Amino acid sequence: MSTQNGTQTKSDKHTLSVVVKYNLNALSRIIGIFSSKGFEIDSISFGSGKESGQARITITTHGDEQIIEQITKQLHKIIDVVTVTDLTYDSFVERELALVKVKADSAARSEIMQITQVFRAKVIDISPDRLAIEITGNADKINAFIGMVRPFGIIELARTGSVALKREFEGDV
Amino acid sequence: MKNAKAHKFDDEKNQQPAPTTKKLTGAGILINTLQDLDVDTIFGYPGGAVLPLYDELYDKHDINHVLIKHEQAGTHAADGYARATGKPGVVVVTSGPGGTNTVTGIATAAMDSIPLVVFTGQVPTDMIGNDAFQEADIVGITRPITKHNYLVKDVEELEQVTREAFHVATSGRPGPVLVDLPKDMLKSEGHYSGLHKVSIPSYNPTKEGHSTQIKKASKMLSEAEKPLIYAGGGVVLGEAWDELTAMAERHNIPVTTTLMGLGGFPESKPQSLGMLGMHGTYYANMATTECDVLLAVGARFDDRVTGNLEGFSPHSKKIHIDIDPTNIGKNVEVEIPIVGDVKQVLPEIDKQVETPETNDWWQTIENWKEEHPLKVPKSEDTIKPQHMVEAISEVTNGEAIVVTDVGQHQMWAAQHYTFNHPRSFLSSGGLGTMGYGFPAAMGAAFGCPDRPVVCITGDGGFQMTAYELATAVEYEVPLKIAIMNNECLGMVRQWQELFYDERYSHSILKKSNPDFVKLAESYGAAAFRATNGKEMNEVLNRAMAINDRPVVMDFRVEAMENCYPMVPAGAALNEMVLEDE
Ligand SMILES: Cc1ncc(C[n+]2csc(CCOP(=O)(O)OP(=O)(O)O)c2C)c(N)n1
């Protein structure tokens, strides 16, 4: 969390948690707000929520205070949206999962495995000239990891986008 | 004012005796629900996908189905009906092209927050997605222009969805709602409960304003030296005209209205400054620029109102009351935002305000009024467009429902008709839809049969939906259509004259216009032409006496007249141009 209430700089990152009555029309409306009003989505993730009838969508976006306020209000205005929470002002836990396939011949392999260990990531597939690695963490951590392995050559990369929940207790767990 | 009473579906949430559940076809469920919701008029057009519904309508006589001639006009008619009565407008059309033809009307209603419920037919559920005959993804197409929309996938949901649609359309900030009905949903059987209850847990518009904010606003107004109320369409939609009038009169605060707010405050009151904005009065725009406290009521700081934002009311502290939180702080920063229903918030402020001392301020305003009043030029042997509007205002005693199209005539109508009643100026403000005026006027006439309805339109815009003359004749609608015929697309021509070196590119209609009198007569309407002031008055008097069919009046006005005052694009409100150089 890089910001605190009231002391924001220009284009801050915000993590919004949106609970919506599950249906595809509602999901389209949520995306539609961003495209039609010119807001940006840095990442978005949601589970189907078909069973409970509700889906939780996590959106990370950025903008100044006025833009974020408009985004929040516009989302809220969608009839099927139940709650919109800007987690940025709360203490929250945020995780993203990435799968990274890296070029790794025998010369590079041990160095990549070391980096993987430092980041508490996991090797999930191995072949003579490549490694597939799974990493979870907040977006910064994943960006840092990708920065470290990029020089070896990234073959494929899949990221889930952030999911987030408000913390119940202050302090790290 | 008869028939122009509002109808709030909120009130219907009351308890009912235990329902008797009946089994009906979907079409039957829909008609029963509509009757239960007090729908008296439907504007519609049949087709394959809605045949089961039309079959059900065949022997229902307490719902008046108006067969319009094009679905765009149908949505405009429903919109006019809604604006004039305060009740939601209802439209029924078929799938595919029936649905796509409603798009302009729905977008028009959305921009001006008008409650509509549009039912579209759809191909049967098992054919959706197959590019079936007359299939269009109308839910997808209308998603950005509806407040909410539904695809009914289970006949057991049809009644509840219909009730929800009316509730959503009419509550909070009103707006259009679309319900897409696959043909099998209309044919298969389901249960009809008759239960009035609507509950949408995720939808609860705020009504009461925050009491601390109201207190702060009242204090700010009490301490103002140059206060101004800027009233928008929300005053009309929220039916807060009495509350606004009471407050402005009691505290002697000047009021300017937007185009959509016209009629929300009587223009005959001394506190009225008329309309502000691009074609607003000199004194309204000057007062907006010079005031020290600006109270915005149900308005949204549209760019046609504010002009250049940097020069907009630069010295004022701003209070903004609106039911839609997204309107607040969107274009202009305000000191005191109040989210709530204007009808509930205004009386609270009224009660708490101590009448500010405004004698000097009024003196300044009176000086502006004297310096540059609105001018109505007159001429013996031609018709000046401003004079035409004034004559209509006089012949109707300011009591008509005036419906306009879009262009110069719209602005002149807004400026020169004296509006003293709410729901009496209907115009496409937000989307600026040419073709809106005539069908909307027809819808208003269906909703308010006891009030005179005059459509002031352009020779360009009238031709976009003139085919509805057939409908108006069939239903004997005694509507007066006054064409301000300047043989050009006047507003476009004006901009070309002022900003494009008089290069009148594709804006002159002289060669292509039909003979409007013959055109109207061929439909069976009455029709007259006037070319000078004397003829104009005669035609108006004859027209007002006709009560069994529509009357078309072809008024040949001076073609080169420009609409002033005018704030050029990009200029500030106080930089308006007052007359031809
Ligand atoms: C559907 C649509 N197309 C184009 C325009 C752009 N437009 C705005 S005003 C205008 C001219 C209208 O001419 P007319 O109906 O003759 O009215 P006048 O301005 O002459 O009073 C045009 C073309 C519009 N508002 N709506």
Side-chain angles (χ1 to χ4, degrees), chain A residues 5-6 8 10 12 14 16-41 44 46 48-50 52-57 59 61 63-86 89, chain B residues 107 110-111 113 128-129 137-154 157 161 164-180 198-206 300 309 320 322-334 337 339:
Chain A
N5 205 351
Q8 294 155 78
K10 274 240 133 166
D12 271 336
H14 284 251
L16 307 178
S17 180
V18 183
V19 176
V20 60
K21 192 172 141 196
Y22 177 77
N23 64 71
L24 291 178
N25 192 21
L27 297 181
S28 301
R29 277 187 183 268
I30 289 173
I31 309 267
I33 289 290
F34 284 84
S35 62
S36 69
K37 308 265 173 196
F39 304 140
E40 290 189 57
I41 295 181
I44 180 164
F46 59 91
S48 120
K50 213 168 184 172
S52 65
Q54 286 195 342
R56 180 182 292 276
I57 305 174
I59 302 168
T61 180
D64 62 23
E65 206 175 337
Q66 198 227 345
I67 290 176
I68 301 298
E69 192 184 315
Q70 266 300 317
I71 294 176
T72 312
K73 286 173 172 178
Q74 290 287 355
L75 288 172
H76 211 90
K77 195 164 147 177
I78 297 169
I79 307 291
D80 285 336
V81 166
V82 184
T83 55
V84 183
T85 318
D86 187 346
Y89 299 129
Chain B
M111 285 291 267
S113 316
I128 290 178
D137 173 14
I138 200 67
V139 168
I141 290 169
T142 59
R143 198 175 285 129
I145 53 169
T146 48
K147 182 170 171 187
H148 197 41
N149 57 8
Y150 300 86
L151 169 64
V152 178
K153 286 192 198 145
D154 177 356
E157 286 175 2
V161 164
E164 271 186 38
F166 277 80
H167 174 65
V168 170
T170 53
S171 56
R173 178 180 181 180
V177 175
L178 182 136
V179 182
D180 201 19
V198 178
S199 137
I200 312 171
S202 56
Y203 175 66
N204 293 300
T206 313
R300 59 185 177 92
L309 277 176
H320 188 183
D322 204 290
I323 197 145
D324 180 356
T326 65
N327 273 346
I328 293 179
K330 183 175 61 180
N331 299 339
V332 171
E333 264 195 64
V334 296
V339 177

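Protein chains get the first letters and strands the later ones, always in sequence-line order, with residue 1 at the start of each. In this text, all values refer to a predicted model and were calculated from it rather than measured experimentally.
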Should we count [atom1] of [X] as having more than 12 external heavy atoms under 6.0 Å?
X        : atom1 : result
A/Arg56  : CZ    : no
B/Lys153 : NZ    : no
A/Phe34  : CZ    : yes

Contacting region of [X] [heavy-atom separation from chain A under 4.5 Å]:
X        : value
B/Asn204 : neither
B/Leu151 : neither
B/Pro325 : both

Which portion of A/Ser36 sits near chain B, non-hydrogen atoms under 4.5 angstrom
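Neither part.
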Bottom line for A/Gln74: the part with an atom under 4.5 Å from chain B's heavy atoms is both
Heavy-atom side-chain contact between B/Arg143 and A/Ser28 under 4.5 Å
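In short, these two side chains touch, coming nearer than 4.5 Å.
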Please assess A/Arg29 against B/His148 for the test side-chain contact (heavy atoms from CB on, under 4.5 Å), listing each intermediate value before the final yes or no.
CA-CA 9 Å; A/Arg29 277 187 183 268; B/His148 197 41; 4.2 Å; yes
Pick from A/Val82, A/Asp80, A/Asn23, A/Ile78 with the largest number of heavy-atom pairs that fall under 4.5 Å of chain B
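Heavy-atom pairs under 4.5 Å are most numerous for A/Asp80.
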Quick check on the interface: out of B/Ser202, B/Pro205, B/Pro144, who has the most heavy-atom pairs with chain A under 4.5 Å?
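Top option by heavy-atom pairs under 4.5 Å: B/Ser202.
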B/Thr326 versus A/Lys77, side-chain donor and acceptor atoms under 3.5 Å
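Indeed, the side chains of A/Lys77 and B/Thr326 share at least one donor-acceptor pair under 3.5 Å.
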Nearest heavy-atom neighbours spanning A/Gln70 and B/Lys330:
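Nearest heavy atoms, A/Gln70 then B/Lys330: NE2-CB, 3.7 Å.
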Kindly indicate, with the supporting measurements, whether the criterion side-chain contact (heavy atoms from CB on, under 4.5 Å) is fulfilled by A/Ile79 and B/Glu164.
CA-CA 11 Å; A/Ile79 307 291; B/Glu164 271 186 38; over 6 Å; no
Reported OG1-to-CG distance for the pair B/Thr146 and A/Asn25, which is rounded to 0.5 angstrom:
7.5 Å
